Enquirer: 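One structure, pasted below without further comment.
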Amino acid sequence: MGQAISRRQFLRGDIANLRSAIRPPWFQTEARFLAHCNQCGECLTACESGILEPDAGGYPQVNFQKGECSFCAACVRACPTGALAQQPGKTPWSVHATINTESCLASRGVLCMVCADHCASRAIRFARAAYAIATPILDQAACTGCGACVASCPVNAIRMLTEAN
């Protein structure tokens, strides 16, 4: 018999329990983060974008439906335990966008380029074709993982994933 899953996992579509929370920027590893984070909530209140919230266990996670990460590092400065720590020359995290082209409005013949309009790094562009609706193209190398495209998508066709997902 397989392992039981929680109602939350079922409703999130995480049947295999593979989806991990996206932690605030500048966490190094999940194990290190969980070992050092004392769930004080200082990073939650310090977040200028208001995108941090507690997960089911009380640890901070990013909710891109609330907005984008500006990489201001306020969460890092507020963290009293070092669970979040900037490392010179390293990117804030390994989070990137992914577009479900089947869910995208372009696949339904509707012209929508909202995600590209919100992408400051220009990682999302649209391939135009004669007599067809432009389709999104995501440049993973240009994606900073800020998540600005997520909340702007009217059909929730964009998700943010960590390298482990």
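Computed from a predicted model, the values in this text were never measured in an experiment.
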Enquirer: Is any side-chain heavy atom of D117 closer than 4.5 Å to one of S152?
Expert: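 S152 vs D117: side chains apart.
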Enquirer: Is F71 reachable from I51 through a run of hydrophobic residues whose side-chain heavy atoms are each under 4.5 Å from the next?
Expert: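 Same hydrophobic cluster.
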Enquirer: So, S49 side chain and G67 main chain: donor-acceptor pair closer than 3.5 Å or not?
Expert: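 Flag not set: sc S49 to bb G67 has no pair under 3.5 Å.
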Enquirer: In terms of hydrophobic clustering (I, L, V, M, F, W, Y; side-chain heavy atoms under 4.5 Å; direct or indirect links), are V155 and V114 co-clustered?
Expert: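 The answer is no; the residues belong to distinct hydrophobic clusters.
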Enquirer: I'd like to know if the side chain of S103 and the backbone of A157 have a donor-acceptor N/O pair within less than 3.5 Å.
Expert: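 Answer holds: no.
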Enquirer: Which atom names give the shortest non-hydrogen contact between P24 and F33, and what distance separates them?
Expert: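 Minimum heavy-atom contact is CD-CZ, 4.1 Å.
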Enquirer: In a check of side chain to side chain contact (heavy atoms under 4.5 Å, CB included) between L84 and each of P25, C37, C43, which one passes?
Expert: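 Between L84 and the candidates, side chain to side chain contact (heavy atoms under 4.5 Å, CB included) is satisfied uniquely by C43.
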Enquirer: Give a yes or no answer on whether the side chain of Q87 reaches the backbone of Q28 with a donor-acceptor pair at less than 3.5 Å.
Expert: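 Not confirmed, Q87 side chain does not pair with Q28 backbone.
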Enquirer: Is there a donor-acceptor pair closer than 3.5 Å between any side-chain N or O of R23 and the backbone N or O of P60?
Expert: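 Yes, because the side chain of R23 sits within donor-acceptor range (under 3.5 Å) of the backbone of P60.
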Enquirer: Same cluster or not: I99 versus M113, using hydrophobic residues (I, L, V, M, F, W, Y) connected whenever any side-chain heavy atoms lie under 4.5 Å apart?
Expert: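 Yes, same cluster.
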Enquirer: With a cut-off of 6.0 Å (strictly less than), are more than 12 heavy atoms of other residues, nucleotides or ligands near CD of Q140?
Expert: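 Above 12, so yes.
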Enquirer: Heavy atoms, side chains only, cut-off 4.5 Å: are C75 and L52 in contact?
Expert: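 They are in side-chain contact.
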Enquirer: Might you point out which heavy atoms bring G82 and R32 nearest each other, and give the distance in Å?
Expert: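 Nearest heavy atoms, G82 then R32: O-NH1, 2.9 Å.
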Enquirer: Going from SG on C79 to CH2 on W26, what distance comes out if it is rounded to the nearest 0.5 angstrom?
Expert: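 Rounded to the nearest 0.5 Å, the SG-CH2 separation comes out at 12.5 Å.
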Enquirer: What I'd like to find out is whether the side chain of N38 reaches to under 4.5 Å of the side chain of Y59, using heavy atoms alone.
Expert: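 Answer no - side chains too far apart.
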Enquirer: Roughly how far, to the nearest 0.5 Å, is CD1 of I158 from CD1 of I124?
Expert: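 These two atoms lie 4.5 Å from each other.
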Enquirer: Would you say N156 and Q65 make side-chain contact, with heavy atoms under 4.5 Å?
Expert: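 Yes - at least one pair of side-chain heavy atoms lies under 4.5 Å apart.
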Enquirer: Return the minimal non-hydrogen interatomic distance between C119 and R122, and the atom names on each side.
Expert: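 Result for this residue pair: O-NH1, 3.0 Å.
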Enquirer: Return the CD to SG distance between E48 and C69, rounded to the nearest 0.5 Å.
Expert: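 So the CD of E48 and the SG of C69 are separated by 10.0 Å.
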Enquirer: Identify the two heavy atoms, one from S121 and one from C143, that lie closest to each other, and give their separation to 0.1 Å.
Expert: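 Where S121 meets C143 most closely, the heavy atoms are OG-CA, 4.3 Å.
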Enquirer: If you round to the nearest 0.5 Å, how far is CD of Q86 from OG1 of T91?
Expert: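 With rounding to 0.5 Å, OG1 (T91) is 11.5 Å from CD (Q86).
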Enquirer: Does L138 reach the side chain of R125, with side-chain heavy atoms less than 4.5 Å apart?
Expert: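 A side-chain contact is absent here, since even the closest heavy-atom pair is not under 4.5 Å.
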Enquirer: Please round to the nearest 0.5 Å and tell me the distance separating atom CD1 of I22 and atom CD of Q61.
Expert: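 Between atom CD1 of I22 and atom CD of Q61 there are 8.5 Å.
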Enquirer: If you compare all heavy atoms of C115 against all heavy atoms of C149, which two are closest, and at what distance to 0.1 Å?
Expert: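 Nearest pair, atom of C115 first, then C149: CB-CB, 4.0 Å.
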Enquirer: At what distance, to the nearest 0.5 angstrom, does SG of C47 lie from CD of E42?
Expert: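 Rounded to the nearest 0.5 Å, the SG-CD separation comes to 13.5 Å.
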Enquirer: Where do V150 and R159 land on the side chain to side chain contact (heavy atoms under 4.5 Å, CB included) test, with the steps shown first?
Expert: CA-CA 6 Å; V150 175; R159 286 188 31 209; over 6 Å; no
Enquirer: Please check if L44 and L34 belong to a single hydrophobic cluster, counting links between Ile, Leu, Val, Met, Phe, Trp and Tyr side chain heavy atoms closer than 4.5 Å.
Expert: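 Yes, L44 connects to L34 through the hydrophobic network.
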Enquirer: Under a 4.5 Å side-chain heavy-atom rule over Ile, Leu, Val, Met, Phe, Trp and Tyr, are L111 and F126 clustered together?
Expert: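 Same hydrophobic cluster.
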Enquirer: Closest approach of I137 and A127, non-hydrogen atoms and distance?
Expert: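 Reported closest heavy-atom pair: CD1-CB, 3.4 Å.
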